[in-house]
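This report concerns only the one structure given below.
We name chains A, B, ... by the order of the sequence lines, and we start the count at 1 in each one. The figures here come from the full heavy-atom set of this structure, side chains too, leaving out hydrogens, waters and symmetry mates.
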Amino acid sequence: MKAYTTKEKIQHFLISNAVPIIFLVMSAIAIPLSGFSATYLVQEMLIRLARNSFLVLSLIIPIVAGMGLNFGMVLGAMAGQIGLILVSDWAVVGMRGLLLAALIATPISVGLGYICGAVLNRAKGREMVTSYILGFFVNGIYQLTVLYAFGKLIPIANTELVLSRGYGIRNAINLAGMRHGLDYLIPLKIGNLNVPLGTYLTIALFCLFIVWFRRTKLGQDMRAIGQDMGVAGAAGIPVEKTRIIAIIISTVLACYGQIIFLQNIGTMNTYNSHDQAGMFAIAALLIGGATVSKATIPNVFVGVILFHLMFVVSPMAGKQLMGQAQIGEYFRVFVSYGIIAISLALHAWKRQKDRERARRSLRGEA
Amino acid sequence: MMNRRNGVRILLAAALVLLGVYLYVSGKQHQMFVDNMAVEIEGKTYAPEALVRAAFDGGEPLELASGDRDVTQVVGPRHSVKIEVLNESGDVVKTLEGEFRWVSTKKGMFSVPAFLGGAPSPMIDSPAAE
C-alpha cells in the first residue's frame with residue numbers, strides 16, 4: 001500500500017475534525033466581539049460542562065453498539081422529569097430529593113428503554129430516524145400523562161404544581177429545593193470561581209464506568225455488533241438482546257443526566273425541557289468531533305465546551321455586530337439545529353472520501 | 001419459580017423500596033410554625049419570653065416577641081434548635097440548645113415557651129391543621 005503524503009494527511013485531519021475546527025474558528029471570532037471577561041467565560045463553562053456532560057455521555061454506548069445517535073434519549077429525560085415532578089410534590093429536597101427522583105424514574109426509563117430497543121430491532125439500519133420519531137410518540141404519551149393523569153389518576157397535593165383547573169401540571173416547576181443539590185454537595189471555590197465538584201465527581205465516575213464497560217464481555221459484544229451485526233450473530237452473540245441492553249443503559253443514563261441538568265438549572269419546563277435536552281446533547285457530541293459511528297469521551301467534553309461557548313458568546317456578539325441580541329438568539333437556534341445537519345452531511349461526505357481513499361490506496365494510485 | 005437469581009432480584013427490589021422510604025423520610029421538607037405564646041401542655045402552663053431568637057438546624061434565626069408566631073422550613077425528622085433569650089436592649093441573657101423530632105403535620109408548631117420550660121415535646125398542634 002502507498003504511504004500518505006503530508007498534504008493528504010493534513011486533508012484527512014481537516015476532514016476528520018471539520019466540525020470542531022469550524023466551531024473553534026467561530027468562537028475565536030465571537031469571543032472578542034462579545035466583550036465577556038475570561039473569568040466570566042470560565043465560570044460559565046464550568047457550570048455548563050457540569051450541566052450537560054452526563055447527558056452527552058449517555059449517547060456513547062448506543063454508538064458503540066452501532067445504533068447511531070440515540071435520539072430516543074428524550075424518553076429517559078421524560079422519565080427523569082416524572083421523577084422530579086413527584087418529588088417536588090412530596091417536597092423532598094436536596095440531594096435526597098434528587099436520589100429519590102432517580103429511584104422513581106429508573107424503572108420508568110428501563111421500561112421505555114426496553115420498548116425503544118425492541119422497536120429499533122425492527123428498524124435495523126434506520127435507528128436514528130426511528131428513535132427520533134419514537135421520541136415524538138412517547139412525548140405524546142408523556143404530555144397526556146402530565147396534562148391529564150397528574151392530579152386526576154396520580155394524586156398531586158401541592159397546589160403550586162397543579163393547573164388552576166385542578167389537574168395537569170403547570171408549564172414551569174420551581175426546583176428551588178433541589179437546585180444545585182448535587183453541584184455544590186462538596187463546596188469548592190477557587191478564587192472567584194465556584195466549582196460544581198459533586199457533579200464533576202459523578203461525571204468522572206460515569207467516565208470510568210464507560211471505560212470499564214467497554215472492556216467487559218457485554219461491552220465487547222456491543223463493539224462486535226457495532227462493527228458487523230451479521231458476523232457478531234454468527235459468532236453466537238445475542239444481537240437483538242445486546243442492542244436492547246445498549247438502549248436501556250443509554251435511556252437510564254439519559255434519565256439521570258436530565259435530573260442532573262435540571263438540578264443545575266433550578267427550573268423545569270414541564271413540556272419542553274426533554275426536547276431541548278436530546279437535540280442539544282446530540283449537537284454537542286457532534287461538535288466535539290464524534291460521528292454517527294464513533295464517539296469517545298474527549299469528544300463529549302470538547303463538544304460541550306465548544307457548543308456552550310457559542311451559546312454564551314453568540315447573543316452578545318450578535319448585539320455588538322447587529323445592535324440586537326435577538327439576532328444572536330436566532331443564531332443560537334440556527335447553530336444547534338444546523339450543526340446536526342452539517343455533521344450528518346459531513347459524516348456522509350467523509351465516508352465517501354474514506355472509501356475513495358481506500359480504493360485508491362488498494363489500487364496503488366497517487 | 002423461586003430460584004437463587006429471583007431471590008436476589010426480590011431482595012434487591014426490597015432494598016430499593018427501603019432506600020426510597022429512607023430518602024422520603026429523611027429528605028421531606030416540612031413547614032413548621034414557631035410560636036412564642038403561652039401554652040398549656042399536660043396541665044402545665046408555659047409562659048412566653050419577651051423576646052427570643054430561634055435558629056433551626058443552623059439556619060437563619062427568627063426573632064419573636066411575646067405573642068409572635070412565624071413560619072420556617074425544616075428538612076427531615078430530627079432537628080437541632082438554638083434559642084437565645086434577649087433583654088430589652090437586645091443582649092443575649094440566656095441561650096438554650098437542644099434537639100427535637102418532627103411528629104406530624106398536625107403537630108407542626110414549635111412552641112418556644114414549651115422548649116424553654118422543658119416540656120416533654122416542644123411540638124404542639126399546628127394552626128394549619130385545625
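Closest non-hydrogen pair, B:L23 versus A:L100, comes out as CD1-N, 3.7 Å. Nearest heavy atom pair, residue A:W90 against residue B:K28, reads O-NZ, 2.8 Å. Contact between B:Y24 and A:V92 at its shortest, heavy atoms only, is CD1-CG2, 3.7 Å.
We find the CE-CD distance between A:M178 and B:Q29 to be 10.0 Å, quoted to the nearest 0.5 Å. How far CD1 of A:I104 is from CG of B:L16: 12.0 Å, rounded to the nearest 0.5 Å.
Heavy atoms of other residues, nucleotides or ligands lying less than 6.0 angstrom from OH of A:Y114 number 12 at most. Other residues, nucleotides and ligands contribute only 12 or fewer heavy atoms inside 6.0 Å of the CZ atom of B:R4. Atom CG of B:D91 sits in a crowded spot, with more than 12 heavy atoms from other residues, nucleotides or ligands closer than 6.0 Å. Around CZ of B:R69, the count of heavy atoms belonging to other residues, nucleotides or ligands within 6.0 Å exceeds 12.
Both the backbone and the side chain of A:L99 come within contact range of chain B, each with at least one heavy atom under 4.5 Å from a heavy atom of that chain.
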